[in-house]
Amino acid sequence: MSGAHGSPGPVTADDVQEAVRSAVAALRGAEVADWDAKAGSLDWSCWETVEHLADDLFAYAAQLGPRDAPSDTEVPFVWRAERPGAPANVIFADRTAGPAGLARVLEACGALLTAMVRTAPAGVRSHHVFGASDPEGFAAMGVVETLVHLHDVAEGLGVPWEPDPALCDRVLARLFPDAPDAPDAPDAPDAPAGPDRWATLLWATGRGEIPGHARLTRWRWYGAPRGER
């Protein structure tokens, strides 16, 4: 929702591209960090979390790929975890390639999702556990995964990460219809939503508190297009 600012607009392939490019730039500033450190509040290492993020972007692209998009299941790749408690992925980075190689894997998977969102017909609907979704929905999911998992990784690596609040506003409107609205901005009624939209996105994904709303212990998004929920 977008409160006094009106509709924040759709989430696009360009948004996926920009979110991933920003994430890659942040990671390339942390190549000498401890990549085995825990990623924020997750039980995964920073390396594992970036692999999981790359895998998410790949999987979302794959859901949009078949001519008859799957309506009730994922495309049947084989997922595996490299240790108990680690994320189950299709995508893994060659550890000998180092953090630069890991960043390249992330960038490549982001490019796959960007391309599929850009080229898939708007009428496509494909399975996701949180609701069959369209290309815009998968774009929004990819952006959310990128923004919040970079938050996790940035905490573990000790690097700054502050995404565009207007982008946060767009994905909140698309996937989190029950999130609190952006506040009024009487001095700049046509300005994009303020920085609190990033805090709201962290709250919506169980990663923090915002005024009047305790930290969530369970959360989900709604992938179905507007009007089909």
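As a member of the Ile/Leu/Val/Met/Phe/Trp/Tyr network built from side-chain separations under 4.5 Å, Val78 groups with nothing else and remains a singleton. Here Phe92 is tied to no hydrophobic group at all, with no ILVMFWY side chain closer than 4.5 Å.
Pro165 has its side chain out of reach of Trp198: every pair of non-hydrogen atoms, C-beta onward, lies at least 4.5 Å apart. Between Met116 and Gln63, every side-chain heavy-atom pair lies at or beyond the 4.5 Å cut-off.
Electrostatic pairing of Lys38 and Asp152 does not count as a salt bridge here, judged by no charged N lying under 4.0 Å from a carboxylate O. Salt-bridge annotation for Arg197 and Asp181: absent, with no side-chain N of the basic residue lying under 4.0 Å from a carboxylate O of the acidic one. The existence of a salt bridge linking Arg170 and Glu136 is excluded, since no basic side-chain nitrogen approaches an acidic carboxylate oxygen closer than 4.0 Å. The pair Arg80-Glu82 meets the salt-bridge criterion, since a charged nitrogen lies less than 4.0 angstrom from a carboxylate oxygen.
Between Phe130 and His128, the ring planes lie tilted relative to each other; the angle falls in the 30° to 60° range. Below 30°, between 30° and 60°, or above 60°: for Phe138 and Tyr60 the angle between ring planes is between 30° and 60°, a tilted geometry. By the 30° and 60° cut-offs, the orientation of the rings of Trp44 relative to His149 is tilted.
Side chain of Trp47 to backbone of Gly98: no donor-acceptor contact under 3.5 angstrom is found. Between the side chain of Arg174 and the backbone N or O of Gly223, at least one donor-acceptor pair lies under 3.5 Å. Using a distance-only test at 3.5 Å, with no hydrogens or angles considered, a donor-acceptor pair links the side chain of Trp219 to the main chain of Thr205.
Scanning all heavy atoms of the two residues, the minimum distance from Ala54 to Ile91 falls at CB-CG2, 4.3 Å. Residues Val144 and Phe176 share a closest heavy-atom pair of CG2-CE1, 4.2 Å. The nearest pair of heavy atoms linking Gly9 to Arg226 is O-NH2, 4.5 Å. Closest approach of Ala81 and Ala86 over heavy atoms only: CB-O, 3.6 Å. Taking both residues in full, the closest heavy atoms of Val124 and Pro135 are given as O-CD, 3.7 Å, listed atom of the first, atom of the second, then distance.
Listed by first and then second residue, the side-chain hydrogen bond (donor to acceptor under 3.5 Å, both in side chains) pairs involving residues 85-103 are Asp36-Arg95, Asp94-Thr96 (not counting sequence neighbours).
Taking the ring axis of Tyr222 as reference, the NZ or CZ atom of Arg220 stays within 45° of it and closer than 6.0 Å to the ring centre.
In summary, the side chains of Asp55 and Trp79 do present a donor paired with an acceptor at a separation below 3.5 Å, with no hydrogens or angles considered.
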Test side chain to side chain contact (heavy atoms under 4.5 Å, CB included) on Val75 and His127; report intermediate values, then the result.
CA-CA 9 Å; Val75 176; His127 172 79; over 6 Å; no
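With sequence neighbours excluded, no residue forms a salt bridge (charged side-chain N to carboxylate O under 4.0 Å, His left out) with Glu155. With sequence neighbours excluded, no residue satisfies salt bridge (charged side-chain N to carboxylate O under 4.0 Å, His left out) with Glu74.
Hydrophobic clustering (ILVMFWY, side-chain heavy atoms < 4.5 Å, transitive): Trp221 and Leu113 are in one cluster.
Ring centroids of His213 and Trp203 are separated by less than 6.0 Å, placing the two rings close together.
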For residues 16-26, dump all side-chain donor-acceptor pairs below 3.5 Å to protein atoms at least two apart in sequence or in another chain.
residue : atom : partner : partner atom : Å
Glu18   : OE2  : Ser22   : OG           : 3.3
Ser22   : OG   : Glu18   : O            : 3.0

